[in-house]
Every structure is written in C-alpha cells, then in structure tokens.
Amino acid sequence: MSKPDSTKRQPVTGTGRFISGVVEGFYGRPWTMEQRTELFKREQKWGLNTYLYAPKDDYKHRMYWRDLYAAEEAEQLTSLISAAKQHDVEFVYAISPGLDITFSNPKEVAALKRKLDQVKEFGCRSFSLLFDDIETEMCPADKQAFSSFAHAQVAITNEVYMHLGEPEVFLFCPTDYCAVFCTPSVTQSSYLNTVGEKLLPGIDVLWTGPKVVSHKISVESIEEVSSVLKRAPVIWDNIHANDYDPQRLFLGPYKDRPTDLIPKLKGVLTNPNCEFYPNFVAVHTLATWCKAPAEGTPRDVEMGDEEQDPCYSPQKALNLALTDWLEEHEWVVVTLIHGMSVLPGPCHPRLKKESSEEEPMQTDMGESPYIPGPGENPLYTAEPLTLDDLKLLSDLFYLPYEHGTTARTMLQELDWLKNQSQAAAAETDKVVFIFICKRRSFFYMLSSYSCFLFFQTAEWCSRAQQFDNMCEAVVQMFNRLSNAPNRSILYDLYNYICDIKSGVGLARAYVKTLGGHSQPSAQLLNDDPEPWGFRGGLLSAGEISPSPLCGLILEDDLGLCGYALALTDAKPAAAKIQVIQSKIGSVFEEFPSVIALEMLPRVTDPSPAKRMIGQLLSSIRSSGSRGAFCELRQSNRRMLDFYSKLGSFKLVQMDGLPQDILVMATSL
C-alpha cells in the first residue's frame, strides 16, 4: 500500500466538524443500552455530536476482540447505532486488539477486518483502533517484520482504514497517549514522530494531555503535540474519570482547559465517571464549554480572575448544569391521586388537597388514602431536594485535583479548630487523630477519644458552631437525596453519600468534644463497636499502628501525593475482624506481613513507588518476616499492573474472598 508524502505536510490545527461528546472508555461495569440511549438524547439536546463505544470490560471490544458478535448482541448494537443516528450522534465503534495481536500475521489482520466489517453491517460508519494500556514489547515475529512498535501499529491502522473505505471519522489511540509517556519528550519521541510521519492524514489521533488524568491542558502543549503528529489531536479527557479509585466521584465542572484550545483541536471527548447518572454535570458542562466561543459576548472577568477564560466560567457552567439536573431528572415528582398531590417518599406520601370539580378517582383497592386523626402520628414528609443540596454535593465530590469551595472551607475550619484547641495532648490518656485522606473525596477521622473539658474563646465557639452548621447541611442533603423519587440516580450516589455522611459525623463529634459540649458516645469508646464505627477491610484495621520504620509518604510540588504502609505482623489486625481471620488466616503462616500502597493519578513515574516498596520490604525483612501480601481490587488495574511488573509479587488463590478482591504476595 502506497504511503502519502508526509514531508509535504505541515502541522495543522482543527478543521472541519469539531468532534464533541462522550467516550465510554473506563474500566468497570459498562453502561446499559437504555443508559446509552438516554445519553444520545442528552447529547442532541446540548449540542454534542459523538459517542465513542470503548468499554474496557466489553470482552469482544478488548479481550476477545477476534470473536464476532452473536445474534442477540448484534441486534442490540444495531439498535444502539440506530438510536444514535436518530439523535444526530455519530456512533464510533472502537476495538482494542493490542493485548495479544501479532501485527505481522495476515490472519490476525483478516480477523480484525472481519470483526469491523460485521459492525459496519450493523450500520456503523465510524471506527477507532485503540492501542492504549498495553505492553510495548513486540513478539519475535513482529520484530522481524517491523522496525518499531509504532511502525507495526501504523501499518495495521492504515490498512484497516483503507479497507473500511476511508471513513470520515477514524480515530487512532497511540500507546504513548500523553506527554509523560513520551521518551524523552513529546518532540523527541521516536514513537510519536513515526505516528505523525506514517499515519494516513485522514486518521485522527486521540490524546489525553500532559498526563493520563490531566490537571490542565494548555494551548502551548497542544501546539507542541500537533507539530509532531502533523494533525490536531482529539482530546480523550479523563478529568471526570473515576475508574482508578472506586471511592471517588467527580461532580465538578469541566475546567482548566481554555476555550482558545478549540480551534487548535479536532475535538474533545470526555471519559467520565463509571456511574452513568452522576455524569449529567460532566457532559453538560463540556457542552457549555464547547459552545462558549460561538455564543458571542465574552463574560466579564472579575477582580483576581484575570487568568481565567474570558468566554467560559466553570462556576456558571456548573450552576447551569445543576439547575437543569434538578429540573429534568425527577428529583421531585408530583402526581395526582384521589384529587390530592403526592410527593413520593420511601415511607409515606405527603398529601395536599387539590381543588377539583371531578369525582375522586377510585383505586384498585377502592379505599381512600390514609389521613391521620387527632393525636396520631403525622405522615412522614419527604423534603424535596434543593439546588443548594446539589451544589453542596458537587463541592464535596468535585474534581481529582481540588475540592469544591464548601469542602475546602470545612477542611480549613476543622484544621483551625484542632490547632487552636487549648487541650494539651500531654494531659490526655489517649490521642485524637485527624486523617485528611486525599484519595477520598473529603476527609475521615480515625479517633480514640479522650474525655477532657476546657473553655474555648468566643471566636473558637463561633467557628465551631459554623462548622457544625456545615456538617448539618451535609446530613440534610443526605436525607433529601435518600428520599428522592428518582431511585436510579440515588443508587449511583448512595455509597458515596453514605461515606461522606459517616466522615462528617465523626468530625462533627470530634469538634463538639474539643469544645467540651458533649461526652464521646459509648459507641465510640466501646471495645467492641458496631461495624459502621470503623473502616472495613483488612487494610483498614485502624487501631493497629504501623510498624516502626514502615510508614512512608511521598510529596511533590503540589503536596502529599502517595503513601506506603506496612504491618510486620498482620495477625493482630485480622483478629479484630473475625470473618477475615477465618478466611485468610492461612496466609499469615507464609506471609505474615501486610503492605498498602496508594499514589495519586498525577504520579505517573513508577520509580518512587518502587523505592518505597523496596524500603518497606527491606524493613520488614530485617524484622524477621518471611513474606508480605497486599489486598487489591480487580478494578484497580493501575496497582495490579504495578505489583505484577515488580516481578516478585504473585497472585495467591484464596477461597471465600469477595469476587472483586485479589491477594498478591511475595516471599522475603
């Protein structure tokens, strides 16, 4: 196949139709067909035009990419592609053959063409080849056929593109899909330069920015990569992605991408939260961002706001999204029964008489609704969710690199109240710990309370009351969300809002104890607490202190960004949780120590983590330990890949653990 003369091509900026929309490209449970259809309706309404089908856990998209779709699957995809067309959304089918394809084998190329031909028969006209998150080492056969990994990928991509008739939309995701993956730099990357030189000009390239989850994307960075790729990239934006941490959710606005980027790009696709319904904010604010430059008048730039985008305000975009979310998604539903308006709730409806000349409608039971009599308990009233509740929810679950305004204020106030407390730790028989955990969306407190009373200043008391009011607002938000009629949205949010309510409750009790206004509850002081009184899981046995020299933290210019902990003897921790002890007690004989490692997404270089793990293992080995193990979730692909590449950690087969939990261990 002849190649175009790439030496005559110049770096280009975005031209033609601007691709905008959503990529379903996360690890975890894929969205349902019904949810995807609802997404198409949203995209059409908000002016977005593209959906990229790339769920990592669709086996026939990635792991079993060679397998054709069965009749039932084909029918579902055909209907989905048709639904996208009905809503003027371009359906882009992506396939990820990079896990095990042999590029030099003609049968493999034929299998790839056959699979995409089948999807083309479903009515799909746009396609994508993804080579992200794969090993870069070629097999011996490919090394003989291709001079580099990039040459192999480009050759097969060009061939498939031509085979499909040069589709108007054809996307290529490189293995080096962000700046930090490029060696030694974006401009000097032999991989990216090969892609830019050899990839046919009709094929667009996906790019996540400076990092996998990019805090900011600048015009300068896009101009740099465009000059190498010889085309404007399509941004695959992970700013709202949460598949790397199942305890985080992102409800903040699309931000830190200037609208000056738009003419420099071919498009932007957001890869949002795994949970479908909370993505209303992510998709809505992206749509506002995409339309901002075309809507005319630049917004007023307020004092101190000079560096922000003159065409787009993230806060205004967020307020608009939350307002629409409240109005459009049945947070409050009123229906008529027996001539009365009913506000549904989990226990009882709230009834209010409506004026009507018609006879009351009869129910199947033929009975009138219950109305309490004098002296009887009133019906439970489910308070409707408010816009302020949604704003608070967004603030508590904002974005990967920042908390919302209210969350920051609460953290600052809690820190001030603790530091200004006149209680001396030396006068107490126990210590109170506040643990601000950046891997969660807000904060948690690990507490063993001491009983002490003292007087605080008027300022302290006033700020403590303000903090208590903020905590109460979180509790009320939780209650109203829990009573919301739209249960689908609630179920996506429930685990997160339960977590935040628990953390806020502990912080609230702690501040009250500092002020001497209340005694710690018997539950908090009990040696045998209920399970909701402590964090679950073996690695969360909070009362067991880390072994000496076995706790390390990692900091960068932005602050704390990772930690590594170890217990030389994990048995006492497991003994606190009898179920775990009974299921994995045998592991302690061979691997008596447990380790835990977490790194924020902005830490893309694995070498600091390797050094911390090495130091921990050396420390516990010197303490006489024979081995160490760690507990991981199957969805945490980043950590699974990290431990696997260390070479010494192996999977340990164990019965009785939850299906999504894996144990890896190493002998010392």
Side-chain angles (χ1 to χ4, degrees), residues 1-4 19 23-25 50-56 58-82 84-85 90-135 138-175 177 194-195 198-206 231 234:
M1 178 170 54
S2 62
K3 302 290 192 302
I19 295 171
V23 49
E24 184 182 345
T50 303
Y51 165 75
L52 176 57
Y53 177 88
K56 293 291 192 294
D58 175 351
Y59 282 166
K60 292 185 179 180
H61 155 77
R62 186 172 172 87
M63 188 175 298
Y64 301 125
W65 61 269
R66 299 173 185 83
D67 295 357
L68 297 178
Y69 287 105
E72 183 178 353
E73 297 167 329
E75 183 179 353
Q76 287 183 328
L77 273 176
T78 301
S79 298
L80 193 64
I81 294 167
S82 176
K85 289 181 180 178
E90 191 68 32
F91 185 100
V92 184
Y93 178 83
I95 191 166
S96 297
L99 288 176
D100 60 0
I101 188 172
T102 300
F103 293 92
S104 56
N105 187 338
K107 292 183 179 179
E108 292 279 77
V109 180
L112 184 56
K113 292 177 180 177
R114 182 171 61 251
K115 177 66 167 284
L116 295 178
D117 283 340
Q118 184 195 31
V119 177
K120 190 175 182 179
E121 291 175 0
F122 301 160
C124 184
R125 61 186 182 185
S126 300
F127 300 89
S128 179
L129 277 183
L130 309 182
F131 295 104
D132 57 321
D133 301 341
I134 59 174
E135 294 293 337
M138 288 193 294
C139 66
D142 285 343
K143 287 181 179 179
Q144 290 183 353
F146 300 103
S147 58
S148 72
F149 199 37
H151 282 90
Q153 292 180 359
V154 167
I156 198 172
T157 301
N158 287 342
E159 185 172 345
V160 169
Y161 171 69
M162 297 293 290
H163 172 79
L164 292 171
E166 301 185 28
E168 182 177 346
V169 177
F170 194 93
L171 307 176
F172 167 81
C173 184
T175 304
Y177 55 79
T194 299
V195 170
K198 301 298 183 182
L199 196 67
L200 290 172
I203 301 173
D204 292 310
V205 179
L206 293 162
R231 70 204 77 204
V234 176

Residues which pass side chain to side chain contact (heavy atoms under 4.5 Å, CB included) with Lys56, listed by chain and number, not counting sequence neighbours: Tyr27, Arg62, Asp132, Asp133, Trp236

Between Ile95 and Leu129, does the side chain to side chain contact (heavy atoms under 4.5 Å, CB included) criterion hold? Intermediate values first, please. CA-CA 5 Å; Ile95 191 166; Leu129 277 183; 3.3 Å; yes

What residue pairs, at least two apart or across chains, pass salt bridge (charged side-chain N to carboxylate O under 4.0 Å, His left out) with a residue in residues 118-127? Glu90-Arg125

Distance col, row Lys198:NZ vs Thr157:OG1, nearest 0.5 angstrom, shows 14.5 Å

For Lys143, the side chain to side chain contact (heavy atoms under 4.5 Å, CB included) test, sequence neighbours excluded, returns Glu137, Met138

Please state whether the rings of Phe131 and Phe172 are parallel, tilted or perpendicular, taking 30° and 60° as the class boundaries. tilted

Between Leu199 and Val154, the two heavy atoms sitting closest are N-CG1, 3.7 Å

Heavy atoms only: give me the nearest Phe149-Glu135 pair and the separation to one decimal. CZ-O, 3.5 Å

Does any N or O in the side chain of Thr194 come within less than 3.5 Å of the main-chain N or O of His151, such that one atom is a donor and the other an acceptor? no

Under the side chain to side chain contact (heavy atoms under 4.5 Å, CB included) rule, what do Trp65 and Ile101 come out as? Steps first, then yes or no, please. CA-CA 9 Å; Trp65 61 269; Ile101 188 172; 3.8 Å; yes

By salt bridge (Lys or Arg N to Asp or Glu O under 4.0 Å), Asp100 pairs with (sequence neighbours left out) Arg66

side-chain hydrogen bond (donor to acceptor under 3.5 Å, both in side chains) partners for Lys85, two or more places apart: none

Would you please name every residue forming a side chain to side chain contact (heavy atoms under 4.5 Å, CB included) with Tyr69, sequence neighbours left out? Tyr53, Asp58, Lys60, Glu73, Leu77, Tyr93, Lys115, Gln118, Val119, Phe122

Sorted by chain and number, sequence neighbours left out, side-chain hydrogen bond (donor to acceptor under 3.5 Å, both in side chains) with Ser79 holds for none

What is the minimum heavy-atom distance between Asn158 and Leu200, and which atoms define it? OD1-N, 3.0 Å

Only counting residues at least two apart or in another chain, list the ones meeting ring-ring contact (aromatic ring centres under 6.0 Å, His included) with Tyr51. Phe40, Phe91

Taking Arg231 for the side chain and Ile203 for the main chain, is one N or O donor matched with an acceptor at less than 3.5 Å? yes

Could I get the full list of side-chain hydrogen bond (donor to acceptor under 3.5 Å, both in side chains) partners for Ser104, not counting sequence neighbours? Asp142

Excluding sequence neighbours, so at least two apart, what forms side chain to side chain contact (heavy atoms under 4.5 Å, CB included) with Ala94? Leu52, Ala54, His61, Ser128, Leu130

Among residues at least two apart in sequence or on other chains, which ones pass side-chain hydrogen bond (donor to acceptor under 3.5 Å, both in side chains) with Thr50? none

Tabulate below the donor-acceptor pairs under 3.5 Å that side-chain atoms of residues 161-171 make, not counting sequence neighbours, or state none.
| from | atom 1 | to | atom 2 | distance (Å) |
| --- | --- | --- | --- | --- |
| His163 | NE2 | Asp117 | OD1 | 3.0 |
| His163 | NE2 | Asp117 | OD2 | 2.9 |

